[in-house]
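From a predicted model like this one, the values you see are computed outputs, not experimental measurements.
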Number of protein chains: 6
Amino acid sequence: MSEESMTPEEILDGIRKMRIRGAAEIGRRASLAIRLHAEGTLVSDKGEYISDIKRFARDALSTRPTAVTLWTGVTMTLRGIEDARDSEEVLERIRVNSERFINESKLAIGAIAEMAAKRVPNDATILTHCNSTAAVATILRAHELGKVKMVYATESRPKRQGLITARQLSERGVPVTLIVDSAARFHMKSVDIVIVGADAVASNGAVINKIGTSQIALIAHERRVPFMVVAETIKFSPHTFKGELVKIEERDASEVVDLKDYPGVAVSNPVFDATPADYIDAIVTEVGVIPATAAYEIVLHNEGVKVLSNLDFSGGWSGAV
Amino acid sequence: MSEESMTPEEILDGIRKMRIRGAAEIGRRASLAIRLHAEGTLVSDKGEYISDIKRFARDALSTRPTAVTLWTGVTMTLRGIEDARDSEEVLERIRVNSERFINESKLAIGAIAEMAAKRVPNDATILTHCNSTAAVATILRAHELGKVKMVYATESRPKRQGLITARQLSERGVPVTLIVDSAARFHMKSVDIVIVGADAVASNGAVINKIGTSQIALIAHERRVPFMVVAETIKFSPHTFKGELVKIEERDASEVVDLKDYPGVAVSNPVFDATPADYIDAIVTEVGVIPATAAYEIVLHNEGVKVLSNLDFSGGWSGAV
Amino acid sequence: MSEESMTPEEILDGIRKMRIRGAAEIGRRASLAIRLHAEGTLVSDKGEYISDIKRFARDALSTRPTAVTLWTGVTMTLRGIEDARDSEEVLERIRVNSERFINESKLAIGAIAEMAAKRVPNDATILTHCNSTAAVATILRAHELGKVKMVYATESRPKRQGLITARQLSERGVPVTLIVDSAARFHMKSVDIVIVGADAVASNGAVINKIGTSQIALIAHERRVPFMVVAETIKFSPHTFKGELVKIEERDASEVVDLKDYPGVAVSNPVFDATPADYIDAIVTEVGVIPATAAYEIVLHNEGVKVLSNLDFSGGWSGAV
Amino acid sequence: MSEESMTPEEILDGIRKMRIRGAAEIGRRASLAIRLHAEGTLVSDKGEYISDIKRFARDALSTRPTAVTLWTGVTMTLRGIEDARDSEEVLERIRVNSERFINESKLAIGAIAEMAAKRVPNDATILTHCNSTAAVATILRAHELGKVKMVYATESRPKRQGLITARQLSERGVPVTLIVDSAARFHMKSVDIVIVGADAVASNGAVINKIGTSQIALIAHERRVPFMVVAETIKFSPHTFKGELVKIEERDASEVVDLKDYPGVAVSNPVFDATPADYIDAIVTEVGVIPATAAYEIVLHNEGVKVLSNLDFSGGWSGAV
Amino acid sequence: MSEESMTPEEILDGIRKMRIRGAAEIGRRASLAIRLHAEGTLVSDKGEYISDIKRFARDALSTRPTAVTLWTGVTMTLRGIEDARDSEEVLERIRVNSERFINESKLAIGAIAEMAAKRVPNDATILTHCNSTAAVATILRAHELGKVKMVYATESRPKRQGLITARQLSERGVPVTLIVDSAARFHMKSVDIVIVGADAVASNGAVINKIGTSQIALIAHERRVPFMVVAETIKFSPHTFKGELVKIEERDASEVVDLKDYPGVAVSNPVFDATPADYIDAIVTEVGVIPATAAYEIVLHNEGVKVLSNLDFSGGWSGAV
Amino acid sequence: MSEESMTPEEILDGIRKMRIRGAAEIGRRASLAIRLHAEGTLVSDKGEYISDIKRFARDALSTRPTAVTLWTGVTMTLRGIEDARDSEEVLERIRVNSERFINESKLAIGAIAEMAAKRVPNDATILTHCNSTAAVATILRAHELGKVKMVYATESRPKRQGLITARQLSERGVPVTLIVDSAARFHMKSVDIVIVGADAVASNGAVINKIGTSQIALIAHERRVPFMVVAETIKFSPHTFKGELVKIEERDASEVVDLKDYPGVAVSNPVFDATPADYIDAIVTEVGVIPATAAYEIVLHNEGVKVLSNLDFSGGWSGAV
């Protein structure tokens, strides 16, 4: 199903059920959903119109309550609508905001891939985890530069997004070997660099990413294999700067096993984990290459993030990142 | 299918295809298979009889060429048959050898569980990986002593033997939570002790066990959570004392993914990995609790192992442990 | 004795003899002492008046020559007095400066406690060392949020300020267990977070705090227990940015033992030690949560600190932080 | 009070209340108490006599239920009494056993000091914790060899046995500096070797010693300062080889603080902690210098310990080491 | 040969053949060479004049293509020449630029030495590697302050620049002991601080310096000996912020051995290596003392570096730092 | 000069001046020297003959007073001579002893190489330090097995024995790359295994070997590259079991630099350093593969070493290993 042909509600449902995945993609799709919703519900009473849009926005935020980029996409899209003269201008502002957010978010990937690919050594064996747009883009760019010897893609249970990574790379001619998550340490001795994406970056440099990332970082650190995170600045969480802890989402047991077959057995299915700054060699953002502990700097000085901090979204941001 | 109702060939096939699992169980079943084969092929010409038995024994060794216990079970069962007066005595010796090997192997588990359960703290949260008879027996004994608060069982991709562990514990009333392999580090901060089995122990104290064990050991070490290996002395490899390296078996890609759906993608599917001695707090054997580096001592002084070392099995032991 | 009823000299004596403790409190009291002194010694000759105030200020600085906050409190209180038209304005400026310094310093504690308490996990076992206003405030706030299961308070020899911490928490209904300093590692395996204050923060992220802090940080790091420092930006030392090393004060042997009973025995009684940045997960300041290595950033960009850097206090700052 | 002038009950009380301290001394005194008791209660009915002695022995074991040396001293002293012809021979055997146990135990200290002192570098700064007979003997021997520049003795709260160490060394002319327990890391950078005793050594090489020992070991390990344990083989616990965990004794809160002054405050006062083998460079026993992980070897092969293992003391050994 | 008496070509040759060494010195000499060349080739046609100067500048850049300071020196010297009205002004600008660059570069050393010497403890044993102007200046300043007990200077094969360091220090009365590079760990236990220079600093805090620096940093880290880098901000590489990796120059085999005597033997002779930020306690720059991870901050905010970033040097900078 | 054509005095001089190198070779040559001396000085008075031989033996021991193998070679060669009936039998015993010692020592190398080569992975990049007979033999055996891709040989200043290693390997067709000692960490990321010899092994598992070995071990440990020591049991020091510390020999400054050119500069030129057991993965001896901490076991149980322990060599062994 193409992006454009989905209804706003289908988009929200897709985010909730993780058919739409990838932190940046979630933010972009939520922005699109708000635009589509606003286009489809235009009424002349501006107050009523905005109220309805905000109700929809709250629904959007509730689909993945801990996603920083979801919050970013929604708030950036609604920027300035209170100041519009009438409903038409509300819609116009939403259109402009959404387009800019989506474009800049996509451009960031290219800038990151360009810089990060320079950091891939020649004849490199790369390990990646889960399915990150920025990581895949970086690997493809490094492949174009003739640097990639082999990519180990972890399966990434329970949703097995590693299969998507394997296919995306393979289709573009990159040599890929799929491994189970438990085989990361076994293969690490032949890995030259680990490249992963991020769902969020906290102000003390901790990186929140798909479950298993932190143990791969530990394994890389054990052998001093460079562990590089590729992440747009839109993922740097201003909330953590004010003390919020990252709340790790638990998803349904059925993703792991059919519990009917295992009476009495419980399942814990956390989606993310936190990688401490000292296991990370560098974070490549669209503005440059930084050590993880400079996340604080990004949060404070990056223009995009500053804007976010000043936004006042009624209904608040209840998630805990 | 009950043990006794299987044919010798079915047993070998079961070992090859990992329907029969667990290092000690493989040794016992191989011993049984040889006995069954010998019972079914008795001929009066002793030379011919022994030749045939050895041919079958070589087939048995080839099912899992790197399994120490398989080698042990086969050689212990054939002990002294060359010296028998006639075919009847060959068979009789095989019967006696096989019975003793199987019994002692089973008794070892009980002794280990008794000692290892003492080392489980009260109100303990335990993490275990894969499905180890000795580890399950230890946890059940600790549960009888009222010490177990929760067991985290990792799924253990690709064969998902963790599901068997979860069911075995749950059926006996032990609280179990199933997690994906990638969630080990996420949960480690609430774990009091890790308990795993072993497929083989090398003379420098390295422990060979199911893929993923070494990264769980690293994660436990990161937080100084005790990492306890429970292993019968039959698994201590005399070959490693003479320099043999452990050769890690690669199994079929189809265990991980159906490659038809992923053209161009390769799969690496190693069955085991090696955990270095310095990540292991103690190995509990049936003779006592030792540091991993005392493996050398066990190899040199344990009576059972000594016998093994002196055996001369024509056709050799081509595996590399 | 209430604050207001003490004479300026009594305050200085209280600081010198550590009856007045806590880095921020020292700064505030020194500011108050200067105000009281200035109020009691007003003479019409502005030059003479300022000379006398500066003499008193030097006495104040000498009471704890290595305390950053003492230096801050004194210099902030004297700000701009040279530019006053007459003695009355000198006094007025001192009053205004002192009041603002004291108020902002107190407000900082509340802001820190609010943010830091968010970082305390639910049902937390906390360990704290010595008696820090900011740490106690954070724990009380976390207790209000229903998050505190138990607090381990170290005795903190030689002055045993841990007893004060235990009483302050206990009086507010927080469950407290007192332990000797040597028992920190024994209990660390059940601790979820360590929270301590700071006497000074150096520009490379090292934290100067009560003797024993650095070994608790090491113990926490050994088990990856988060080690959180709560510290007002007023404690970030601009002098270290210019190369000054932290000079650790030695206090009297009699705090440790009566040497008359131990002829020939010497005593070393350092008051503080330095915790390196890599054992610290986060520093919570009133402006936000930062990694320790961002101390440099605070020193450079924080407005309060900038002012300090520009002050030229005749008589200098002879301490070595 | 001289040893001989104490009654058996006074000795037990002295052990219970820690007036009699030091693991080896406890064993020797318990042995003496049993001899004195047996001398004072001789009756002609051998069965009755032995029953009474065993009752007293059980009382002795209960004074410090986790002390390996107490158990050793008691069982060694009672060795063979069941086989005596009559009460007189029971008493005679107890006398001989007791004398031998006490003598060999004392000789061990000398042998250890001789060997351990060789391992002290020239012009050494030594750090020791608590009050260990073997450690003090080693330091005095090193001092005789002209090798000791300075000894840091930690206070060792709560009982402050470090003061005894300081006095013992100072009286023999050894330069001593007393420090609080929290100052260990502060001074470690100028320490050349740490020397401590042991209360028990477990079969996986963990050393049980006075609370605080394990964090000093960690601090020494952080800087690669050699951490040497001096311990008689009598302290190597055969029970741990059979899976027993070390149970750490909790002593009375009043040793730490008078709780009447701190309503609502609890105290945890563990006497010992466990130092893992990987923080220990060498254990010096009377038979030689070994790595900590060779404890297993001592337990298995040392003649004295073997005898212990075979003893069957009715009433059992309920302690958990 | 004095600086002034060398021709521009001789200077470039001296840089190429490492007779002119030290990162800052290379930058200054290259700047001088350009000035001398410009002075000697003045022609009235401005376009022709600039073309010739740029050709010479490209030659200069090719002498040590990975040296950040070479690039800095060259580009700073050529600043603004395109905007000059005529050839005379081109030359005048080059003269002014060159003088300022050289002067500021030299002043930086003094400022660094002043601050860094404060961080040297009293009675210090210092270890230094290779021959760094800033490190030698720091040690000399610390010596003036009476703080230096002994300096260990590593030989620094293959070029043995450590001999120069030893002579420079010895001539000024500093006690120096020369050691081979392999003896660094042997002596580290008596070292109080390691001081080294830098050839370049990357935006994630990695320091590029003479081969062997990173293993000395590791050895210092093993014992927690402070490892201090002294480096002018001119060495902080803006290119690494944009993803460039540091390309380590390989120099001629003949520096190591005469290969004629060793047929079939290859030589690898890398000039630099990279020390990760987590082995570095502090970098002392002329603007202040920072943690290594603040390199990013220097790159972004330092005025001098900003200018560099904006320069557009035709012919580009092909080196990879 | 061939072995046989050297006089006894020339052999001792060769050992003293390190023309004769390699711990085992030193022991063998010393044994030979004693035989040659005894052959050349035979007198009929047995007492006089033995006295003279012992005087020569003491001279031999003084050439490299810290060499374990020198001591072993000398004492093994003199075994039983006191019990001989006459001078002829003294000589005969010396001949037999010497021949056996030399032969067994040479056979040990072959056994070690055979076992150790098994532990070299396929297509291996190996790093070795200095020039060890056992290490070279192991690498040559691995090369015969087709396993060696590249060997990095460190130069090994000051005597540059790495050049000998490079030539020995190159002559046999092994690909060798020579590097300076400082480049070990730079190349370690592409190394699969480090193989070094030993001069002595202490009872706690520490390995004494050529200066620089311990820092290479640290570097290998940093990346978890296996660090394998190959050493005959003759090098395991019984003296360390009795507390002797290893005394590291200092050799002449002139090996490092001509001090005439560097007035005021001192040189420290230690020959060996000590690698702690925890940086060593395995020691391969002629009896098998052991963890370093099993050195104690070898010292206690190895027959050859036991004999050594019982020898009473008048004149003693003044060296400190």
Could you check if a side-chain atom of B:I248 sits within less than 4.5 angstrom of a side-chain atom of A:F186, using non-hydrogen atoms only?
-> yes
Do you know which two heavy atoms are closest between A:S268 and B:I179, and how far apart they sit?
-> O-CG2, 3.8 Å
Engaged part of A:P263 at the chain B interface, taking heavy atoms whose separation is under 4.5 Å | backbone
Which region of B:T177, side chain (C-beta onward) or backbone (N, CA, C, O), has a non-hydrogen atom less than 4.5 Å from a non-hydrogen atom of chain A, or is it both or neither?
-> both
Between B:A166, B:P270, B:G264, which residue shows the highest count of heavy-atom pairs closer than 4.5 Å to chain A?
-> B:P270
Would you mind checking which part of B:P158 comes under 4.5 Å of any heavy atom in chain A, side chain (CB onward), backbone (N, CA, C, O), both or neither?
-> both
Heavy-atom contacts under 4.5 Å, residues 127-151 of chain B to chain A | B:H129
Where does A:A274 contact chain B at under 4.5 Å (heavy atoms): side chain, backbone, both or neither?
-> backbone
The interface call for B:L163 against chain A, heavy-atom contacts under 4.5 Å, is both
Heavy-atom closest contact (B:V256 atom, A:R160 atom, distance) | O-NH2, 2.7 Å
If you measure from CZ on A:R157 to CZ on B:R157, what distance do you get to the nearest 0.5 Å?
-> 6.0 Å
Count the heavy atoms belonging to other residues, nucleotides or ligands that lie under 6.0 Å from CZ of B:R172, then report whether that count exceeds 12.
-> no
Which atoms of A:S182 come close to chain B, meaning under 4.5 Å heavy atom to heavy atom: side chain ones, backbone ones, both, or neither?
-> both
Look at B:V257, B:D273, B:N269 and state which one has the largest set of heavy-atom pairs under 4.5 Å with chain A.
-> B:V257
Considering heavy atoms only, which positions within residues 210-219 of chain B lie below 4.5 Å of chain A?
-> B:I211, B:G212, B:S214, B:Q215, B:L218, B:I219
